[in-house]
Amino acid sequence: DNAALMSLLVNETGMTILGWIVMFAPFGFVLLMGLGYRKLSSSAMVVLFVVYSILMGMSLSFIFLVYELGSIALTFVITAGMFGTMAILGYTTKTDLTKFGSIMLMGLIGIIIASVVNMFIGSSTMDYVISFLGVLIFTGLTAYDVQKLKRIGSSVEGASEAGRKLTIMGALTLYLDFINLFLFLLRFLGNRR
């Protein structure tokens with residue numbers, strides 16, 4: 001049951017060792033896949049992506065402790081709509097989004113730094129601004145990443161080893177865009193328990 005599974009991650013004294021591993025391991029997997037892209041085989045990358053997805057699912061289970069189920073579901077539907085719309089826009093637009101993507105990536109670095117600083121400051125206003133910017137940045141990154149993947153897909157043979165690796169990295173990129181957009185929207189729309 002859910003309570004038994006959750007007790008593996010959190011107990012009365014706080015997070016368990018497994019809880020900390022589940023929380024931070026996804027970041028390690030993203031780094032491993034990104035930095036090991038050239039050396040890892042496509043099969044190894046698929047295994048890493050599947051394990052990453054499982055750990056990410058376990059990590060996201062914490063939102064069920066904080067937010068009401070209805071608001072999680074509503075936020076998921078809104079995120080899916082926004083993500084789908086921006087993916088279609090990125091795929092169909094004739095405008096080159098490369099410069100736009102560079103600005104979004106700089107913004108991403110900025111909100112990461114601001115989030116770390118806000119962990120020490122604890123400002124609710126700064127948290128609100130970070131969340132707002134996070135929604136804008138990951139909405140924009142979705143369109144940029146889809147266009148980038150379309151361009152890469154037209155220049156690489158999908159059946160080749162390089163093509164399979166690029167497909168996995170593309171899936172990871174879009175997965176991260178969706179998850180981060182969902183989490184930033186949840187900070188706005190989610191009703192806390």
Value rounded to 0.5 Å, distance of CG in D145 from OG1 in T173: 5.5 Å
Beyond-backbone contact of Y144 with K99, side-chain heavy atoms, under 4.5 angstrom: no
Greater than 12 external heavy atoms within 6.0 Å of Y128's OH: no
Over all atoms of both residues, closest heavy-atom pair of G140 and M104: CA-SD, 4.1 Å
Shortest non-hydrogen contact between Y91 and K150, atoms and distance: O-NZ, 2.8 Å
Pair F178 and F138, ring centroids less than 6.0 Å apart: no
Minimum side-chain heavy-atom gap F184-L133 below 4.5 Å: no
Minimum side-chain heavy-atom gap N180-I137 below 4.5 Å: no
Nearest-0.5 Å distance that lies between atom CG in L136 and atom CG in L181: 10.0 Å
Heavy-atom side-chain proximity of V135 to M82 below 4.5 angstrom: yes
Worked verdict on F29 versus V51 for side chain to side chain contact (heavy atoms under 4.5 Å, CB included): CA-CA 8 Å; F29 275 84; V51 173; 3.5 Å; yes
Student check: side-chain heavy atoms of M126 and V129 closer than 4.5 Å: no
Side chain K165, main chain S41, donor-acceptor under 3.5 Å: no
Side-chain donor or acceptor of N118 paired with backbone N/O of A114 under 3.5 Å: no
From CG (L183) to CG (L60), nearest 0.5 Å: 5.5 Å
Q147 side chain to T95 backbone, donor-acceptor under 3.5 Å: yes
Heavy-atom check, side chain of L141 versus side chain of L105, under 4.5 Å: yes
The single option from L40, V50, T167 passing side chain to side chain contact (heavy atoms under 4.5 Å, CB included) against M45: L40
Heavy atoms of other groups near I17 CD1, more than 12 under 6.0 Å: no
Lys/Arg N to Asp/Glu carboxylate O, R151 vs D96, below 4.0 Å: yes
Intermediate values then yes/no, side chain to side chain contact (heavy atoms under 4.5 Å, CB included), L189 and L74: CA-CA 8 Å; L189 305 174; L74 177 65; 5.8 Å; no
ILVMFWY network linking F132 to L185, side-chain heavy atoms under 4.5 angstrom: yes
Validation row, ring centre Y52 to ring centre Y175 under 6.0 Å: yes
Contact summary for R164 and S42, nearest pair of heavy atoms: NE-OG, 3.3 Å
Spatial distance of atom CZ (F49) from atom CD1 (I54) [nearest 0.5 Å]: 11.0 Å
Any side-chain heavy-atom pair of T85 and T142 under 4.5 Å: no
Those residues that, when tested against Y37, pass ring-ring contact (aromatic ring centres under 6.0 Å, His included) (two or more places apart): none
Any side-chain heavy-atom pair of L186 and I72 under 4.5 Å: yes
Same apolar cluster (I L V M F W Y, side chains within < 4.5 Å links), V146/L89: no
Non-hydrogen atoms of G34 and M169 that approach each other most closely: CA-CE, 4.0 Å
Candidate pair F182 and F83, rule ring pair (Phe, Tyr, Trp, His ring centres under 6.0 Å), full reasoning: CA-CA 9 Å; F182 171 73; F83 183 86; over 10 Å; no
Closest non-hydrogen atom pair, S71 against T75: O-OG1, 2.7 Å
Joint hydrophobic cluster, M106 plus L108, side-chain heavy atoms closer than 4.5 Å: yes
Side chain to side chain contact (heavy atoms under 4.5 Å, CB included) between I168 and L48, intermediate numbers included: CA-CA 10 Å; I168 296 161; L48 287 173; over 6 Å; no
